[in-house]
Amino acid sequence: MQSLIPVNLPQNSYDIAIAPYSLHQLGKKVKELDLGKKVLLVSNPNIFNLYGKTAVTSLETAGFEVWVHLIPDGERYKTLDQIFNIYDTALGNYLERSSTLVALGGGVIGDMTGFAAATWLRGINFVQVPTSLLAMVDASIGGKTGVNHPQGKNLIGAFHQPRLVLIDPLLLQTLSPREFRAGMAEVIKYGVIWDEDLFVQLETADRIDSFSALKEELLQTILTRSCQAKAEVVSKDEKEGGLRAILNYGHTVGHAVESLTGYEQVLHGEGVGIGMAIAGEIAAAMGFWTPKEMERQQNLITKTGLPIQLPSILDVEAILETLKSDKKVKAGKVRFVLPKAIGNVTITDEVPSDILRQVLQSKLSRTECLKI
Ligand code: GLY
């Protein structure tokens, strides 16, 4: 089964191609787009060990000159220093304006490769080959690229659209169960913000808590419908002037949880799962959606094996303080994406502080809640 999803933009439209074994077609696909003769493939050692040879062989067979640049694995390496190392490799190998960077990895590799491509020689081509579920359904699409500043995540960045997103679902076979569950948080997000039918399909599926438990058809549905949702939102609002902010559902509290736990204890998707659970409760307390709809969302998050409670080590006052410094704060007010129904959300900065405090308090776990 395969799908081709267009990301239609005023300039720089591109396709998301989803098909099993498509990693073997990487060279052919890049060649079809006429993206120069030189490719710099950026990855991390773990992913490169698993899939580097297939990717490089495919590119070389299609006639490309290929170099490889590896970045150590982990969020802590998402820095400008590492971008400089990519520039050095690009310079040392005479990459030109017409050359292409290929990101083979998860969200960190994709964001960094995209940022290097956005800035090297004032912008060169890049192609996303995501290897994690989270990167397949979210990070690789839409052109948000960047690195972290010591004071905050993704504070340095640029919009730079890839020329192609190539998704090979079989690469998920080697993803850890925990990373798989974290990616499912973003899939549930699309169900709540955009696609009620996707939500219902997840609700009625036997199991959605591991890659091996998923039926092939459901996996294809998950990838296709999530990418479609993201592509539609980005096509309507490329630079986040308005609508695109709905993709931040669950991210307001999610980012605070990630930040307060040092970005290494709680995965991004786990933070988003907790953040959606909290946004859902706030929405119910404000009468935006019904307690029944909220319960359906919480049940779906739990069915995925994700926590819906805040880690016990956190403190409500610290979370409130962190929320004030979030990128999404506008004129000093914290902005929340809140559901009005399954498949429909709104954005508000009018969440009463007593409701926010009360919900956070009620969501503090008394026991450890993360399955590592
Ligand atoms: N991950 C949110 C966005 O791409 O806008």
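The shown structure was predicted, so the numbers you read here are calculated from the model rather than taken from an experiment. We count ligands from 1, going down the list as the structure has it; atoms in each ligand are counted the same way.
Of the options Val127, Leu59, Leu26, a side chain to side chain contact (heavy atoms under 4.5 Å, CB included) to Val39 is made by Leu59 and by none of the others. Only one option out of Ile222, Ile18, Leu133, Leu214 pairs with Pro169 in a side chain to side chain contact (heavy atoms under 4.5 Å, CB included); it is Ile18. Under the side chain to side chain contact (heavy atoms under 4.5 Å, CB included) rule, Ile282 has a single partner from Val253, Thr252, Val359, which is Val359.
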Could you check ligand 1 for N or O atoms lying under 3.5 Å from protein N or O atoms and list the pairs with distances?
residue	atom	partner	partner atom	Å
ligand 1	1 (N)	Asp138	OD1	3.1
ligand 1	1 (N)	Asp138	OD2	3.2
ligand 1	4 (O)	Lys230	NZ	2.5
ligand 1	4 (O)	Arg244	NH2	2.8
ligand 1	5 (O)	Lys144	NZ	2.9
ligand 1	5 (O)	Arg244	NE	2.8
ligand 1	5 (O)	Arg244	NH2	3.3

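One distance of note links CG of Asn148 with OG1 of Thr79; it measures 8.5 Å at 0.5 Å rounding.
Judged as a ring-ring contact (aromatic ring centres under 6.0 Å, His included), and not counting sequence neighbours, the contacts of His160 are Phe126.
A donor-acceptor distance shorter than 3.5 angstrom exists from the side chain of Ser22 to the backbone of Ile167, with no hydrogens or angles considered.
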